[in-house]
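Heads up: the structure comes next, in structure tokens.
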Amino acid sequence: MVSIAHATTGAFIAAVLPYPWVYIPLSLASHFALDFVRHYDIGVAAKIYHYSKTEMIAWEAVDLLVSVLMIALIWQQTFTNYNPHLWIGAFFGILPDILETSDYFFHQPLKILQPIYHLHDVFHHSTRQFWWGVIPQIILVSTIALAANWS
Ligand SMILES: [Zn+2]
């Protein structure tokens, strides 16, 4: 899934269970669970449209920027009122994809990360059908936004 979905899920877990020893493993596990849902993401778009490395970095930067904005909006985060657990949860929610980029930039997989790459591959299901791959992510982020602001 895109970072927006992974980051908001990690942040949501940290908001609900604000104990690092609980939300860090759960946010990390959520990444694999979400990637199991057939989805469209920047990696799929890169294959379809033959993105250059610069285009790939640009799209990833947009994805991360929107992730930060979504967390700031959903949980009303400001510089004077911010919850570090949300950002740590978000970070662990996207960590497997960050680790995957080392493979991309160094042109060879880091041996120490092989088990994580393998796990990521096993759980990863994507689709080239844009809407079928995007709608579940819109539903997920909308549900998180509603649940986070319930009451
Ligand atoms: Zn992933």
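Side chains included, hydrogens not; waters and symmetry mates left out as well; all remaining heavy atoms used. For reference, positions follow the sequence shown, starting with 1.
- Atom NE2 of His118 has 12 or fewer neighbouring heavy atoms from other residues, nucleotides or ligands inside a 6.0 Å radius.
- Residues forming a side chain to side chain donor-acceptor pair (under 3.5 Å) with Asp63 (at least two apart in sequence, or on another chain): Ser3.
- Leu140 and Ala5 make their closest contact through CD2-CB, 3.8 Å (heavy atoms, listed as atom of the first residue, atom of the second, distance).
- Annotation for Ile112: atom CD1 does not count as buried by contact number, only 12 or fewer foreign heavy atoms lying within 6.0 Å.
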Requested in this report: Please assess Val37 against Met1 for the test side-chain contact (heavy atoms from CB on, under 4.5 Å), listing each intermediate value before the final yes or no.
Outcome: CA-CA 8 Å; Val37 176; Met1 288 194 170; 3.8 Å; yes
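- Here the OH-CD1 distance, from Tyr49 to Ile42, works out to 13.0 Å after rounding to the nearest 0.5 Å.
- Shown here are the side chain to side chain contact (heavy atoms under 4.5 Å, CB included) partners of Val22, two or more places apart in sequence or in another chain: Leu17, Tyr19, Leu26.
- Scanning all heavy atoms of the two residues, the minimum distance from Ser126 to Val44 falls at CB-CG2, 3.4 Å.
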Indicate every side-chain donor-acceptor pair of residues 54-62 with a distance under 3.5 Å to a residue at least two apart or in another chain.
residue, atom, partner, partner atom, Å
Glu55, OE1, Ser52, N, 2.7
Glu55, OE1, Ser52, OG, 3.4
Trp59, NE1, Tyr51, OH, 3.4

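- Asp41 and His39 are linked by a side-chain donor-acceptor pair at a separation below 3.5 angstrom, with hydrogens and angles left out of the test.
- A pairwise comparison of heavy atoms in Phe12 and Ala148 identifies CE1-N, 4.1 Å as the closest pair.
- For the side-chain hydrogen bond (donor to acceptor under 3.5 Å, both in side chains) condition, the pairs that include at least one residue of residues 67-82, sequence neighbours left out, are Gln76-Asn149, Gln77-Trp87, Thr78-Thr80.
- Closest approach of Ala14 to Gly89, counting heavy atoms only: CB-CA, 4.0 Å.
- Ile13 and Ser30 make their closest contact through CD1-CB, 3.7 Å (heavy atoms, listed as atom of the first residue, atom of the second, distance).
- Side-chain contact between Ser27 and Thr9 is absent, with no heavy atoms from C-beta onward closer than 4.5 Å.
- Under a 4.5 Å side-chain heavy-atom cut-off, the cluster of Ile, Leu, Val, Met, Phe, Trp and Tyr residues that includes Phe36 is completed by Phe32, Leu119, Val122, Phe123.
- Contact between Pro20 and Pro25 at its shortest, heavy atoms only, is O-CD, 3.8 Å.
- Side-chain contact check for Ile94 versus Leu64: some heavy-atom pair is nearer than 4.5 Å.
- Donor-acceptor pairing under 3.5 Å is recorded for the side chains of His31 and Asp97.
- No side-chain heavy atom of Leu113 sits under 4.5 Å from any side-chain heavy atom of Glu100.
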Only distances under 3.5 Å count here; give the side-chain donor-acceptor pairs of residues 129-139 to other protein atoms, sequence neighbours excluded, each with its distance to 0.1 Å.
residue, atom, partner, partner atom, Å
Gln137, OE1, Val2, N, 2.8
Gln137, NE2, Tyr40, O, 2.9
Gln137, NE2, Gly133, O, 2.7

